[in-house]
Amino acid sequence: MSEVKTRFAPSPTGFMHIGNLRTALYAYLTAKSQGGKFILRIEDTDQDRKVDGAVQVIYDTLSIAGLRNDEGPDCGGPNGPYVQSERLDIYRKYAQQLVEQGDAYYCFCTKDRLAKLHEEQESPDFKGRHGYDGHCRHLPKAEVEALLAAGTPYVIRQKVPQDGVTAYHDVVFGDVSVSNSELQDIVLIKADGFPTYNFAHVIDDHLMEVTHVTRGSEYVAQTPAYILIYRAFGWEHPTYIHLPLIMGKDAEGNVSKLSKRHGSVSFQDMIEDGYLTEAIINYIALLGWNPKTDEEMFTLAELEKRFNPEAINKSPAIFDYEKLLWFNGQYIRKLSADEFYEKALPFIRQAVKNESIDMRKLAALLQQRLEKMTQIPAQLTFFDALPEYSNELYVNAKSKSTLESAPQALAKSIEVLEGLDEWTNEKLYYALKDVAAELGVKANAVMWAVRVAATGTLVTPGGATDILDILGKEESLNRLKNGLARF
RNA sequence: GGCCUCAUCGUCUAGUGGUUAGGACACGGCCCUUUCAAGGCCGCGGCGCGGGUUCGAGUCCCGCUGAGGUCACCA
């Protein structure tokens, strides 16, 4: 058996939909799990949808995600060029061949005629099948020549057989068959001379020796038409791996294709949202594929070994942001202190301008209780300045902190802390424990009062002494005194 | 509407004729604890419906229902 080759063939739209990324991931993993090659091909045949810089977004995303392609416009390869707009001559040549063979034909129908046809078919009393009516199918050769010579605009359409059934085996969906009568005479070459996706991808996949086509399940019913093209050329078609779509659920509980209204859907947006690449990859790998184990934390390298397209599910899966968040928290905790610090610093700086604060200590506190980076600033609002707060914050039943106990705890703490020569978390911790012992109260009661006075905030990253440590002696004492003065 | 396809806890899923239907997220409780998290333990919760086949069906067959896809000179 020849070497496995898969490809990712996105259109340069300017952003990478998460469903697209998953398609790329699965294609990549299909190749790598079998020691094969992964090709990147740019499908830019729609001139109206060209977006500047869009190809770069594709390169960047694959690079960040770690999906290194073995062939492609960026790194070359034996079967280039890998950008469809640079292959126009190739498509034209093959389309020509199909016309000569009688497997395709020129169509001179105007857009107006097509629009009118469409309108008729959409009318309530229309009962026939939809699509092109084959108007130009049987134009006499002489007439075609004349129209061509006159420079009439045209497209080239596939001539599909009127009867019979075309079937294929899909790795995910099993045997799929469609009556040829259901297939349309699809456009192969557009009026502007560019090929359609339908045609270009068949030619390219063959010429680039792609063995496995991984793509979304929206193509399942279209694939027989493509197989007909392969047959017309006498080529063997690749193995098909159609992926179930990724769905989203809205507030009302309605399920539909994952889109903007469900949350961030592009890779870039998710990164900006504070999700880690590793978490995204891990999560989407499991969205529709099961590793046949209860384990679910996988690095890309592990996935490369483990992946098996046979274990892809058929049914569409709903994208669950909650679970992604959980993965993200797991990966944040797995980061080394340095790695986390580097990633967290920009977010810390958003909230903390005070340069004298030990950012590394702060980061260490954050890493233990974070689900995504963007949650950082909101947790740090009290560092630069003590916020307005109500004395009610001093009341906490579980810690046995009351409006009476809090000022006592603060007074004693200030007294003891002022004499503390070494301002470290550890020293602070034992000093406050002693305060509690002297006062004859629970340590929690003292910790609570101190933490509230130091932060004016109910929930904080780190405990009382962690905060004091970072705040420093002078600022801490100021805040504690300020707190005491409120009573 | 025609055609294609799918269907196990709220969500992602394991399951391939005989299981107390397993795991994960979320949710609830407890433990731990210097707040909140994290972590540990426990719990709640599911085979869409109706017919078959079979000694026995989440697993096989048929129908229904529901859901998704597709029917572009977009990919």
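Naming: A, B, ... by sequence-line order, numbering from 1 per chain. Every heavy atom of this structure was used, including side-chain atoms; hydrogens, water molecules and symmetry mates were not.
- Relative to the ring axis of A/Tyr82, A/Arg41 does not place its NZ or CZ within 45° and under 6.0 Å from the centre.
- Atom C1' of nucleotide B/rU35 and atom CG of A/Leu370 are separated by 16 Å, given to the nearest angstrom.
- Neither side chain, A/Tyr168 nor A/Asp175, offers a donor N or O lying under 3.5 Å from an acceptor on the other.
- Phosphate proximity of B/rU35 to A/Asn396: absent, as no side-chain N or O sits under 4.0 Å from OP1 or OP2.
- Under the Watson-Crick and G-U wobble criteria, each requiring two contacts below 3.5 Å, nucleotide B/rG1 is paired to B/rC71.
- If you measure from atom OH of A/Tyr219 to atom P of B/rC4, you get 21 Å, rounded to the nearest angstrom.
- No contact: A/Ser181 has no heavy atom under 4.0 Å from any strand.
- When the C1' atom of B/rG15 is taken as reference, atom CG of A/Asn290 falls 10 Å away, rounded to whole Å.
- For B/rU35, its base never sits under 3.5 Å from the side chain of A/Ser399 at any donor and acceptor pair.
- The stretch residues 42-49 of chain A comes close to RNA chain B through A/Glu43, A/Thr45, A/Asp46, A/Arg49, each having a heavy atom under 4.0 Å from the strand.
- Nucleotide B/rC6 has B/rG66 as its partner under the Watson-Crick or G-U criteria, with both atom distances under 3.5 Å.
- Stacking is not found between A/Trp448 and the pyrimidine-like six-membered ring of the B/rU35 base under the 5.5 Å centre-distance and 30° plane-angle cut-offs.
- Counting non-hydrogen atoms under 4.0 angstrom, A/Glu295 reaches nothing in the nucleic acid.
- Between A/Asn444 and B/rU33 there is no side-chain N or O to OP1 or OP2 distance below 4.0 Å.
- Listed by first and then second residue, the side chain to side chain donor-acceptor pair (under 3.5 Å) pairs involving residues 446-467 of chain A are A/Asn425-A/Thr465, A/Asn425-A/Asp466, A/Arg451-A/Thr460 (not counting sequence neighbours).
- For the side chain to side chain donor-acceptor pair (under 3.5 Å) criterion with A/Asp185, the lone passing option out of A/Gln158, A/Lys159, A/Arg137 is A/Arg137.
- A centroid separation of less than 6.0 Å is found between the aromatic rings of A/Tyr219 and A/Tyr197.
- To the nearest angstrom, C1' of B/rG69 lies 13 Å from CG of A/Asp170.
- The shortest distance between the side-chain N/O atoms of A/Asn313 and the OP1/OP2 oxygens of B/rA14 is below 4.0 Å.
- The shortest distance between the side-chain N/O atoms of A/Lys292 and the OP1/OP2 oxygens of B/rG15 is below 4.0 Å.
- Contact annotation for A/Ile467: no contact, since no heavy-atom pair falls under 4.0 Å across all strands.
- Annotation: A/Tyr283 is in aromatic contact with A/Phe319 [ring centroid separation under 6.0 Å].
- Because its NZ or CZ atom is both nearer than 6.0 Å to the ring centre of A/Tyr132 and within 45° of the ring axis, A/Arg157 counts as a cation-pi partner of that residue.
- Between A/Pro316 and A/Tyr132, the one whose closest nucleotide on RNA chain B sits nearer the 5' end is A/Pro316.
- Among the protein residues, A/Leu458 comes within range of the nucleic acid bases, having at least one heavy atom under 4.0 Å from a base atom.
- Inspection of the A/Gln47 and A/Lys50 side chains reveals an N or O donor paired with an N or O acceptor under 3.5 Å.
- A/Tyr283 comes within 4.0 angstrom of no nucleic acid atom, judged by non-hydrogen atoms across all strands.
- Side-chain nitrogen and oxygen atoms of A/Lys190 include at least one within less than 4.0 Å of the OP1 or OP2 phosphate oxygen of B/rC74.
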